[in-house]
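First listed ligand is number 1; within each ligand, the first listed atom is number 1. All values below come from the heavy atoms of this structure, side chains included, with hydrogens, waters and symmetry mates left out.
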Amino acid sequence: MSDAAILARLGALLPPARLRTDADTLASHGRDWTRLYQPDPLAVAFPESVAEVQALVAIANDTACPLVPSGGRTGLSGGAVAKSRELVLSFERMNRILGFDAVDRSVTAEPGVILETLQDYARERGLQYPVDFAARGSAQLGGTIATNAGGIKVIRWGMTRDWVSGLKVVTGRGELLDLNRGLVKNNTGYDLRQLFIGSEGTLGLIVEATVRLAEAPQAPAVMVLGLPDLEAIMSAFERLRAALRLTAFECFSAQALSYVTAHGQPRPFETETPWYVLAEYDAAEERDTEAAMAAFETLAEDGIVLDGVLSQSDSQWRALWRLREDITESIAHRLPYKNDVSVRVARVPEFLRAMDELFAREYPDFEVIWFGHVGDGNLHISVLQPPEMARADFVAACEQVSEHLFATLAALGGSISAEHGVGLVKKPYLSYSRDPAEISYLRAIRAAFDPNGILNPGKLFDPA
Ligand code: MLT
Ligand code: ZN
């Protein structure tokens with residue numbers, strides 16, 4: 001069907017203010033933070049109800065117009081990119097919190113609720129929504145569920161998957177499914193809710209979610225430590241995990257820190273070290289702070305830590321977190337090519353050594369920025385584009401090295417995408433993490449929920 005005919009069908013459903021085709025909206029809503037693709041959507045729709053979402057799915061099926069679900073567009077794998085005349089379906093206008101249940105400790109909300117709004121809502125009720133990451137001010141609940149977002153608190157609280165107790169979804173066929181209904185226990189066969197979590201918009205559109213809340217944080221404090229080498233990272237992790245109740249354990253390289261300080265953050269201490277870790281721990285009681293001091297001192301005596309600082313106030317806690325959280329923003333102008341990989345925590349040292357060698361051999365001229373959630377085996381590897389190099393040459397070189405990287409990961413039993421998802425960027429490499437039999441089941445599941453292939457086509461994997 002022609003673009004004009006599709007737009008006429010859509011125009012009969014939505015008023016002009018909620019069906020946009022102006023250049024600015026197409027450009028802003030046709031991309032995520034990946035910056036590797038040129039956006040080219042047909043239009044952007046802003047539904048306000050489940051019925052409108054179902055009507056849009058019906059039009060998409062009738063007209064063979066593909067849909068790209070769109071949240072805060074903070075993704076880093078191209079999962080929300082519309083570059084082939086798709087209709088972007090933005091959940092911005094479905095952004096209400098629908099209810100709180102104090103007994104269940106759960107919140108029911110529309111998909112467009114901003115993550116930080118949900119976190120504030122939980123805090124005001126003496127609880128927390130513990131999924132957390134730097135893009136909290138833009139990411140939307142529906143997107144975090146569709147990508148099974150991870151972030152900085154996974155060692156204590158797990159991934160988004162652990163917090164979703166109910167989901168309403170509109171499938172690619174247009175039916176509305178009400179999955180799990182907030183139940184804690186529900187052993188009635190396959191848990192379809194879990195299929196939709198992390199499905200990257202390929203099985204259905206999340207139109208409502210119920211999430212559980214956790215007890216409030218126990219007065220968290222952080223320490224930032226300077227370390228002499230890679231080996232020290234896991235030694236520090238083991239020691240600190242034994243001594244403290246950790247909620248985060250993050251690492252970053254000296255180069256990563258140099259970008260953050262150039263971006264305006266003060267150094268944590270004068271001593272320059274090749275590696276840094278940030279550990280967050282419960283510090284509600286005096287003995288927690290004493291245990292932290294004692295652990296720090298023995299790490300220093302044993303040469304695992306060369307220098308460090310422990311937060312003494314909320315504002316210092318916040319400032320120290322910025323050393324880690326601001327990395328992405330501080331390197332954004334260098335258009336990094338990102339890898340987001342994981343191995344089992346026990347294999348992190350082995351993986352780091354192999355990567356060190358690989359990057360020294362394959363990327364001698366590129367600046368590689370290392371940081372990540374090392375406490376859960378997840379590392380972010382961002383290769384910065386040399387200013388004089390053409391974008392296409394740079395991306396091609398990175399893709400070549402990715403093959404080596406992923407082969408090493410596969411040998412270690414790791415994953416090519418720990419938390420950012422597959423989207424467009426990692427699609428060519430899926431077979432490094434999933435075997436052919438698994439992928440054929442994934443295809444069959446997708447075909448069952450979306451037989452006409454209208455939901456986020458081209459993402460995750462292609463039809464056989
Ligand atoms: C992070 O951990 O800061 C995010 O996953 C973003 C990134 O990798 O740039
Ligand atoms: Zn991350």
(request) Count the heavy atoms of every other residue, nucleotide or ligand shown that sit under 6.0 Å from CD of Glu403, and state whether that count exceeds 12. (result) yes
(request) Would you kindly say whether Arg434 and Tyr441 are connected by a side-chain donor-acceptor distance under 3.5 Å? (result) no
(request) Evaluate whether atom CZ of Arg322 has more than 12 neighbouring non-hydrogen atoms of other residues, nucleotides or ligands under 6.0 angstrom away. (result) no
(message) If the criterion is any heavy atom closer than 4.0 Å to an atom of ligand 1, which residues make the list?
(response) Leu76, Arg324, Thr328, Lys338, Phe371, His373, His380, Glu419, His420
(request) Return the orientation label for the Tyr432 and Phe406 ring planes: parallel under 30°, perpendicular over 60°, tilted otherwise. (result) tilted
(request) Could you please tell me which protein N, O or S atoms lie under 2.8 Å from the Zn ion (ligand 2)? (result) His373 NE2, His380 NE2, Glu419 OE2
(message) So for atom CZ, which belongs to Arg391, do other residues, nucleotides or ligands contribute more than 12 heavy atoms lying within a distance under 6.0 Å?
(response) yes
(message) Looking only at the aromatic ring of each residue, does the gap between the centers of Phe366 and Tyr337 stay below 6.0 angstrom?
(response) no
(message) Under the side chain to side chain donor-acceptor pair (under 3.5 Å) definition, can you give me all pairs with a residue in residues 134-155, not counting sequence neighbours?
(response) Asp132-Arg136, Arg136-Glu325
(request) Supply the atom-to-atom distance Cys251 SG to Tyr276 OH, rounded to the nearest 0.5 angstrom. (result) 13.0 Å
(message) Holding to salt bridge (charged side-chain N to carboxylate O under 4.0 Å, His left out), I want the full list of residues that pass it with Arg353, two or more places apart in sequence or in another chain.
(response) Glu231
